[in-house]
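Working notes, structure below.
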There are 2 protein chains.
Amino acid sequence: MSQMTQIFDRLREEILSLGLAPGEKLTERGLETRFTMSRTPVRAALLRLEGEGLVHRAGRNWVVAPLDLGEIVAIAEFRLPLETTAVRLACARRVEADLNAIADMLEACRPTAPREEWHRLGTEFHVAIAKLSGNALITKALAEAMVRLHRVRWLEVSDEASRERAWNEHHEILTLIRKRDAAAAEAAIAAHINETRNRLLAALQDDRERFRAHGFKIIGAD
Amino acid sequence: MSQMTQIFDRLREEILSLGLAPGEKLTERGLETRFTMSRTPVRAALLRLEGEGLVHRAGRNWVVAPLDLGEIVAIAEFRLPLETTAVRLACARRVEADLNAIADMLEACRPTAPREEWHRLGTEFHVAIAKLSGNALITKALAEAMVRLHRVRWLEVSDEASRERAWNEHHEILTLIRKRDAAAAEAAIAAHINETRNRLLAALQDDRERFRAHGFKIIGAD
DNA sequence: TATCCCAATTTGGTATCCCAATCAAGCGCC
DNA sequence: GGCGCTTGATTGGGATACCAAATTGGGATA
């Protein structure tokens, strides 16, 4: 594995887990020292992270992308048509073995799972469903949208009741795809996306000052 | 403007105009010589182009992304839900001045316009409509999809009748958005996308060998 | 205390070099 | 003629040095 890939993976993970705070300044020479590598792979990694929207240029500085709470609504608007299309295509194109793999994924991560696992499932499930559509563009676009939502979702403290509900909704969507019931699957995924949107908006509505106290740069939803 | 940006812009343009053939190998040192700049900005530019899907790694080489005719269908599947959502939101959120700007764009590029201008309008119109939605994710996703389709569309030799039809369809979509007739606008954009898909598939069906004679690497749709 | 100026430091952009892995061409053998 | 091996060339990954522009902090002055 190249140095660039190591740095990229590490930084990506820290950004998504909020270990690197939104708005935090990064410098090539700082990272060079931190990773004990030269600037060349650091820069290549930063360029790739920039391409993923995880870091930006602010003047001549690199900064971790701020948290944009305003994106919660925009992402739901984006996901709704894409994911309903994805499940409709999935009903037509799904392969039994892939369905079983997703079912295994769900069984391996019940609502009582550790927080990080639970969080990861929330993304992986949706991307796996999109893959069933057989459309790489839809899959990629959705994966990118879920990455954008990753940090915001991490800030939400989900209780057991909402986890149960989410898990059951995931399970129901998968079942409907297995039964090739496209209309019901579309309705189920749409409801799930809207539920996610509303839950996030409610949960984060009053916590903005708390996040800022962590040094997070928050924009949007003012 | 930095050297990296100059190289990036130049290469991007040549790839999209098929001046750099799909599948063509690029080397850092070759580009260094060609642009009379050091490898550092060349490498940065290549990384950015990679992020846009315009170049790939093949083993240790950089190559211009092949032409994937199989994407014609996938892109239409992707655009359909996105653009219908975009026009529906546009009906609600559009601003008069933006509508007029798009109308001016259409007037400035009639079906008799030079090929390059006509080609550019085909992309810019759709991105401008998506912008009316006020959803940056949808706009960006669509812009990227149009870039993917750019080279394929360039290969099509459009006749005057099909240009007239396309121009009228664009005009009709804009008018429906202006009138806030969401249902009709969605139907019109859907029909337009499907028409584009069918037209491209038909036009390119028998021309694959001709393109390969140009040294283009063609994949998909076999 | 506030403001301004200056020098030092920082930072990204670029150039150049070194290294290891891969590839291509040529040669020899069957 | 074909195949395998060797050697030299090519290529990207990484390291380091230089440069110019921007930023920061400290000192002086009002």
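Hydrogens, waters and symmetry mates play no part in the numbers below; they use all other heavy atoms, side chains included. Please read these numbers as outputs of a predicted model, since none were measured by experiment. Numbers restart at 1 for each chain; the letters A, B, ... are given by sequence-line order, proteins then strands.
B:R43 and A:T40 share no side-chain donor-acceptor pair at under 3.5 Å. Donor-acceptor pairing under 3.5 Å is recorded for the side chains of B:T123 and B:R153.
The residue A:L26 sits close only to the backbone: its heavy atoms come under 4.0 Å of sugar-phosphate atoms, none of a base. Looking at heavy-atom distances under 4.0 Å, B:T40 makes contact with a base.
Remark: P of C:dG12 and CD of B:Q3 are 18 Å apart, rounded to the nearest angstrom. Atom CG in B:N61 sits about 17 Å away from atom P in C:dA21, given to the nearest Å. For the pair B:M37 CE and C:dG13 C1', the computed distance is 12 Å after rounding to whole Å. Regarding A:R29, its CZ atom lies at a distance of 18 Å from the P atom of D:dG14, rounded to whole Å. In this structure, A:E32 places its CD atom 9 Å from P of D:dA15, rounding to the nearest Å. Nucleotide C:dT9 holds its C1' atom 16 Å from the CD atom of A:E28, rounded to whole Å. Separating the CD1 atom of B:I7 from the P atom of C:dG13 is a distance of 13 Å, rounded to the nearest angstrom. What separates CG of A:L46 from C1' of C:dG12 is a distance of 11 Å, to the nearest Å.
A:S38 has a side-chain polar atom (N or O) that falls below the 4.0 Å cut-off from OP1 or OP2 of D:dA15.
Within 3.5 Å, no donor on the side chain of B:R43 pairs with an acceptor on the base of D:dT11, nor the reverse. With hydrogens and angles ignored, no donor-acceptor pair under 3.5 angstrom links the side chain of A:R39 to the base of D:dG14.
Counting heavy atoms from C-beta outward, B:R93 and B:L132 have side chains that stay 4.5 Å or more apart.
With C:dG13, D:dA21, D:dG12 as the candidates, the nucleotide lying closest to the side chain of A:R60 is D:dA21.
Heavy-atom distances to DNA chain D give each of A:M4 and A:K25 a nearest nucleotide, and the one nearer the 5′ end belongs to A:M4.
Taking the six-membered ring for Trp and thresholds of 30 and 60 degrees, B:H119 and B:H150 have ring planes more than 60 degrees apart, a perpendicular arrangement.
Base pairing of D:dT29: its partner is C:dA2, meeting the Watson-Crick or G-U wobble criterion (both donor-acceptor distances under 3.5 Å).
Note that CE of A:M105 is 10.5 Å distant from NE2 of A:H170, once rounded to the nearest 0.5 Å.
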